[in-house]
Protein chains: 2
Amino acid sequence: MPTPDRTSLEEIVAAAWAVLEAEGLAGLTMQAVAVKVGVRAPSLYKRVRDRDALLALVAVAAVDEVARRLEPAATLADIAHAYRAFAHERPQGFRLIQSGGADPASLARASEPVLRIAGDLVGPGDALEAARLVTAWATGFLTMELAGAFRLGGDLDEAFEYGLARLTAALTPA
Amino acid sequence: MPTPDRTSLEEIVAAAWAVLEAEGLAGLTMQAVAVKVGVRAPSLYKRVRDRDALLALVAVAAVDEVARRLEPAATLADIAHAYRAFAHERPQGFRLIQSGGADPASLARASEPVLRIAGDLVGPGDALEAARLVTAWATGFLTMELAGAFRLGGDLDEAFEYGLARLTAALTPA
DNA sequence: ACCTGAACACCGTTCAAGT
DNA sequence: ACCTGAACACCGTTCAAGT
């Protein structure tokens with residue numbers, strides 16, 4: 001007689017992400033995830049190959065949420081602010097994305113709005129490179145902000161707006 | 001009778017960094033470092049508090065090497081290229097720096113050349129924010145490049161030069 | 001078919017005993 | 001004073017046995 005499912009892959013991924021944000025990467029143990037979904041650790045292996053695969057699934061979920069948040073953006077400023085809000089609310093998810101392993105389809109979906117807006121500014125020929133300029137800047141700024149790497153004083157909100165303004169100007173045709 | 005030292009903190013940090021680059025973060029075990037320096041794992045704890053402290057020391061060593069490489073830079077392009085060369089040669093060290101934990105003194109030394117060159121371009125009032133713009137862009141570009149996050153084709157060397165050219169123009173007074 | 005206890009391998013860390 | 005073997009705790013993972 002088959003037993004009814006006591007959890008699901010989606011629930012496991014959501015639980016893993018919650019544990020990650022609450023306890024950090026080292027605190028994301030199979031045991032902690034199992035407790036959160038109400039099964040024993042070995043049961044997780046029915047739905048996930050191993051811990052690394054679970055981390056990769058959380059990374060995909062994180063990229064998907066970024067894509068969802070960026071979708072309505074109409075300007076570079078919209079993109080930058082939505083991306084920064086995500087990084088502040090889910091810092092561990094943001095860092096996990098940067099560790100690699102997110103799948104190409106999700107990445108493409110997340111980068112679509114930036115490509116569209118960048119293309120409107122600089123034209124199709126430079127759209128990809130302009131999008132990479134903006135994305136790299138925002139990603140680096142947030143990575144450094146979360147890592148506490150900006151230690152020379154100054155207001156970080158202002159520094160973010162400064163970068164955004166300079167990049168927008170640099171990509172706006174005269 | 002005291003036994004003669006069979007290793008040193010410097011040797012341990014160098015060995016840990018070498019293991020990190022060769023085997024990745026998960027392969028950086030106390031046992032692997034111990035084998036590399038020719039002692040047993042418990043002996044490492046005479047010189048290092050724990051594995052996290054060892055990782056922090058490797059991060060400091062990595063930031064110090066970045067500082068050393070950036071020191072002779074005279075232009076933003078020099079900085080960008082030296083930083084990228086470091087990231088390509090020691091990708092794990094680069095990623096470790098981004099994880100935080102590098103100490104303020106090393107960070108300040110590494111950021112001095114960028115501050116100086118940015119200040120020459122935009123003046124002292126905007127030097128810090130301009131330096132953060134360039135540093136954030138380069139850090140983000142390299143993070144994404146190493147993570148394999150640029151999957152929409154295009155030449156990455158060209159994308160890097162495009163960003164560098166746009167940023168240099170944006171920070172060069174008319 | 002999913003779930004579990006038991007077991008195993010591996011790793012970080014401590015410590016008493018050596019020199 | 002540094003070094004080591006032995007031991008312990010913790011975690012990822014497997015698997016046979018339950019339902």
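Numbers restart at 1 for each chain; the letters A, B, ... are given by sequence-line order, proteins then strands.
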Tell me the interatomic distance from [X], atom [atom1], to [N], atom [atom2], rounded to whole angstroms.
X       : N      : atom1 : atom2 : result
A:Leu54 : D:dG12 : CG    : C1'   : 12 Å
A:Asp50 : C:dA9  : CG    : C1'   : 15 Å
B:Asp52 : C:dT13 : CG    : C1'   : 13 Å

Nearest to the side chain of [X] - [options]?
X       : options               : value
B:Val39 : D:dC2, D:dC3, C:dT13  : D:dC3
B:Lys46 : C:dT4, C:dT13, D:dC3  : D:dC3
B:Met30 : C:dC3, C:dT14, C:dG12 : C:dG12
B:Pro42 : C:dT4, D:dG5, D:dC3   : D:dG5

Looking at [X] and [Y], would you say the former's side chain and the latter's main chain have a donor-acceptor pair under 3.5 Å?
X       : Y        : result
A:Arg51 : A:Leu28  : yes
B:Arg69 : B:Ala82  : no
A:Gln98 : B:Ala147 : no

Quick one: is [X] getting a side-chain N or O under 4.0 Å of the [N] phosphate, OP1 or OP2?
X       : N      : value
A:Arg51 : D:dT13 : no
A:Arg49 : D:dT13 : no
B:Arg47 : D:dC3  : yes
B:Arg40 : D:dC2  : no
A:Thr29 : D:dC11 : no
B:Ser43 : D:dC2  : no

Practice task
For C:dT14, give its Watson-Crick or G-U wobble partner with both distances under 3.5 Å, or none.
Solution key: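 Looking at the geometry, C:dT14 pairs with D:dA6.
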Problem - Nearest-nucleotide 5' precedence on DNA chain D, A:Tyr45 against B:Gly38 - result: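 It is B:Gly38 whose nearest nucleotide is closer to the 5' end.
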Handout entry: From A:Arg109 atom CZ to A:Glu71 atom CD, the distance as rounded to the nearest 0.5 Å
Key = 7.5 Å
Problem - Heavy atoms of other groups near A:Arg49 CZ, more than 12 under 6.0 Å - result: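 Count not over threshold, so no.
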